Number of protein chains: 2
Amino acid sequence: MARRSEHTREQLRDLMLEAAEQLIVDKGLAGLSARAIARQIGYTPGTIYLVFANLDELILHVNARTLDRLRVPMQAAVAATDDPEQQLLGAARAYADFARSHPNLWRACFEHRLPEDVAGPDFIDARIAQLVELIMAPLARVSGAQGAALNAAAQSLWSGVHGVCILTLTGKLHTVGGQATEHLTDDLITHYLAGLVSRAAPTTSRG
Amino acid sequence: MARRSEHTREQLRDLMLEAAEQLIVDKGLAGLSARAIARQIGYTPGTIYLVFANLDELILHVNARTLDRLRVPMQAAVAATDDPEQQLLGAARAYADFARSHPNLWRACFEHRLPEDVAGPDFIDARIAQLVELIMAPLARVSGAQGAALNAAAQSLWSGVHGVCILTLTGKLHTVGGQATEHLTDDLITHYLAGLVSRAAPTTSRG
DNA sequence: GGCAGATAATGAACGCCGTTCACCATCGCG
DNA sequence: CGCGATGGTGAACGGCGTTCATTATCTGCC
């Protein structure tokens with residue numbers, strides 16, 4: 001058994017990513033294994049290493065796909081209105097909605113941990129940057145901020161929305177009267193924006 | 001070889017938690033294994049299962065300890081001043097500082113995933129609730145909020161701070177001009193508070 | 001002192017895991 | 001037809017979490 005050439009390297013790559021994605025969807029990152037992927041596509045585990053350097057790299061590519069898909073509804077939310085505050089609220093709701101609809105895929109993007117020293121690849125960093133950039137324009141319009149202050153605002157606000165999603169959707173926020181995710185993202189954004197508008201970006205324009 | 005009785009069940013428990021903690025500190029959650037713990041304390045893996053139901057339970061107890069230790073500097077920050085805004089900023093900085101000083105322990109609290117259906121135990125939920133409650137009083141004083149609105153504020157603001165810490169400390173926010181963690185938590189809190197003060201908690205007082 | 005029963009701990013075993021690599025079946029080409 | 005290149009294999013290595021029959025030791029009783 002060798003040299004069957006039923007698939008191109010490219011086709012094989014897609015088959016593997018597809019299978020991996022399905023496994024993550026069904027059983028989470030923990031349910032993913034080289035052997036399971038191989039079983040699913042009718043190859044042996046060794047074949048995976050002809051296409052990817054290791055499982056981590058494969059997972060990173062699944063995550064890249066997930067981030068690409070996540071961007072679509074967020075962009076749509078931004079395009080759906082001209083009111084910058086509504087754009088931000090909509091993008092956050094789209095984010096929360098995606099996370100809730102595809103919990104295992106979404107969590108894989110943030111739970112997957114590379115070995116201590118290895119840095120995340122550029123193609124992931126770039127996609128996260130795209131998400132942050134999505135909210136820069138509305139944020140600039142609504143607050144008049146720019147430069148470093150705008151950057152800080154985009155990062156802190158977006159990290160904040162992400163934090164709300166993480167904690168609520170992983171059930172780590174079972175506090176008194178646990179709030180719905182969107183309720184909390186709305187709360188965070190509304191108040192943050194109100195503060196941003198009422199002040200001239202105090203913390204970052206000091207130096 | 002059996003029945004050495006060199007240690008009480010309690011002592012054994014502490015030995016195991018200590019060893020597990022050290023392993024997590026040194027190599028992260030991924031570096032933890034029943035065999036490694038056993039090796040470190042001079043017992044065999046089987047012994048661990050006389051004390052804990054499984055590794056997950058052991059890890060949850062390590063996490064409980066971590067959350068207890070995390071609360072100390074946060075409480076100190078709140079006690080250090082009477083200005084509620086400074087209390088909140090201080091608590092967030094203490095949180096970020098702890099996360100940076102003990103990255104692997106801190107991350108273990110949020111990266112550890114239980115099998116799909118199993119819910120997190122109360123002794124973890126309670127400790128997270130304690131952290132959120134820490135900021136309720138200052139938040140109430142600074143904004144005048146109470147009831148559900150106060151609850152939502154505490155949860156969204158604290159989740160936000162957590163999100164900032166997660167994304168900056170795991171290196172997932174390598175965007176243009178990456179900001180220091182404390183810079184972003186300050187930014188988030190300052191603006192959120194300003195917004196909270198300038199408005200009468202709009203999103204939650206509507207119904 | 002000697003013996004029985006209780007029990008703390010073992011260690012071998014099961015079925016997984018990621019990863020490597022010598023090997024071989026098959027292909028295209030001369 | 002033969003041959004070199006190559007796609008893919010599958011066995012192997014050292015790890016993992018977890019279970020459990022077995023055993024060495026302790027305790028209490030005669």
Side-chain angles (χ1 to χ4, degrees), chain A residues 1-17 19-24 26-63 108 111-118, chain B residues 1-17 19-24 26-63 108 111-118:
Chain A
M1 309 216 187
R3 183 70 183 252
R4 12 180 178 137
S5 291
E6 284 167 5
H7 301 100
T8 316
R9 244 347 59 130
E10 270 308 301
Q11 287 176 318
L12 219 41
R13 201 188 103 106
D14 284 350
L15 278 177
M16 288 171 186
L17 289 178
E21 192 174 297
Q22 201 51 55
L23 285 166
I24 293 177
D26 289 345
K27 317 194 236 168
L29 245 194
L32 188 73
S33 75
R35 284 173 166 87
I37 296 171
R39 218 175 297 136
Q40 197 130 101
I41 64 175
Y43 280 79
T44 54
T47 308
I48 293 175
Y49 295 85
L50 300 177
V51 180
F52 297 98
N54 49 48
L55 263 204
D56 280 339
E57 195 191 288
L58 187 153
I59 293 170
L60 286 170
H61 280 96
V62 172
N63 288 346
E111 280 175 1
H112 177 237
R113 216 185 144 169
L114 292 158
E116 284 293 356
D117 41 0
V118 183
Chain B
M1 310 217 189
R3 187 66 185 253
R4 6 178 179 138
S5 289
E6 285 166 3
H7 301 99
T8 317
R9 216 62 340 166
E10 270 309 301
Q11 288 176 317
L12 218 41
R13 202 188 103 105
D14 285 350
L15 278 176
M16 288 170 184
L17 290 178
E21 190 174 298
Q22 200 52 54
L23 285 165
I24 292 176
D26 289 346
K27 317 193 233 168
L29 247 194
L32 189 72
S33 77
R35 286 173 165 88
I37 296 171
R39 219 174 297 137
Q40 196 131 99
I41 65 174
Y43 280 79
T44 54
T47 307
I48 292 174
Y49 295 83
L50 300 176
V51 181
F52 297 97
N54 50 47
L55 261 205
D56 280 340
E57 195 191 288
L58 188 154
I59 293 171
L60 286 170
H61 280 96
V62 173
N63 287 347
E111 281 177 2
H112 178 238
R113 213 184 148 169
L114 291 159
E116 282 295 355
D117 41 0
V118 184

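Since this is a predicted model, take the numbers as computed values, not measurements. Residue numbers begin at 1 in each chain, while the letters A, B, ... track the order of the sequences.
Residue B:Leu55 comes nearest to B:Ala34 through the heavy atom pair CD1-N, 3.7 Å, listed as atom of the first residue, atom of the second, then distance.
B:Ser33 contributes a side-chain N or O that, together with a main-chain N or O of B:Ala36, makes up a donor-acceptor pair within less than 3.5 Å. Side-chain N or O atoms of A:Asn54 include none that pairs as donor or acceptor with a backbone N or O of A:Tyr49 at under 3.5 Å. At least one donor-acceptor pair under 3.5 Å links the side chain of B:Gln11 to the backbone N or O of B:Thr8.
B:Leu55 places its CG atom 5 Å from the P atom of D:dG17, with the value rounded to the nearest Å. In this entry the distance linking CD1 of B:Ile37 with P of D:dC16 reads 11 Å, nearest Å. Between B:Phe52 atom CZ and C:dA8 atom P the separation is 16 Å, expressed in whole Å. We find that CD of B:Glu6 is positioned 9 Å from P of C:dT10, with the value rounded to whole Å. Distance NE2 (A:His7) to P (D:dT9): 12 Å, rounded to an integer number of Å. The separation between A:Asp56 atom CG and C:dT19 atom P is 7 Å, rounded to whole Å. Rounded to whole angstrom, the span from the CZ atom of B:Arg39 across to the C1' atom of D:dG14 amounts to 11 Å. Rounded to whole Å, atom P of D:dT19 lies 8 Å from atom CG of B:Asn54.
A:Arg35 contributes a side-chain N or O that forms a donor-acceptor pair with the base of C:dG18 under 3.5 Å.
Picking from D:dG8, D:dT18, D:dC16 the nucleotide with the shortest atom distance to the side chain of A:Leu12 gives D:dG8.
For B:His7 and B:Asp14, the side-chain atoms include no donor-acceptor pair closer than 3.5 Å.
Note: A:Thr44 OG1 to A:Arg35 CZ = 10.5 Å, rounded to the nearest 0.5 Å.
Using a 4.0 Å heavy-atom distance criterion, A:Leu32 is classed as a sugar-phosphate-only contact.
Between A:Arg9 and D:dT6 there is no side-chain polar atom (N or O) within less than 4.0 angstrom of OP1 or OP2. OP1 or OP2 of D:dC26 has not a single side-chain nitrogen or oxygen of B:Ser5 nearer than 4.0 Å.
DNA chain C lies under 4.0 Å from at least one heavy atom of each of the following residues of residues 41-49 of chain B: B:Tyr43, B:Thr44, B:Gly46, B:Thr47.
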Exercise for review: Show the numbers, then the answer: is there a side chain to side chain contact (heavy atoms under 4.5 Å, CB included) between B:Glu6 and B:Tyr43?
Suggested key: CA-CA 11 Å; B:Glu6 285 166 3; B:Tyr43 280 79; 4.2 Å; yes
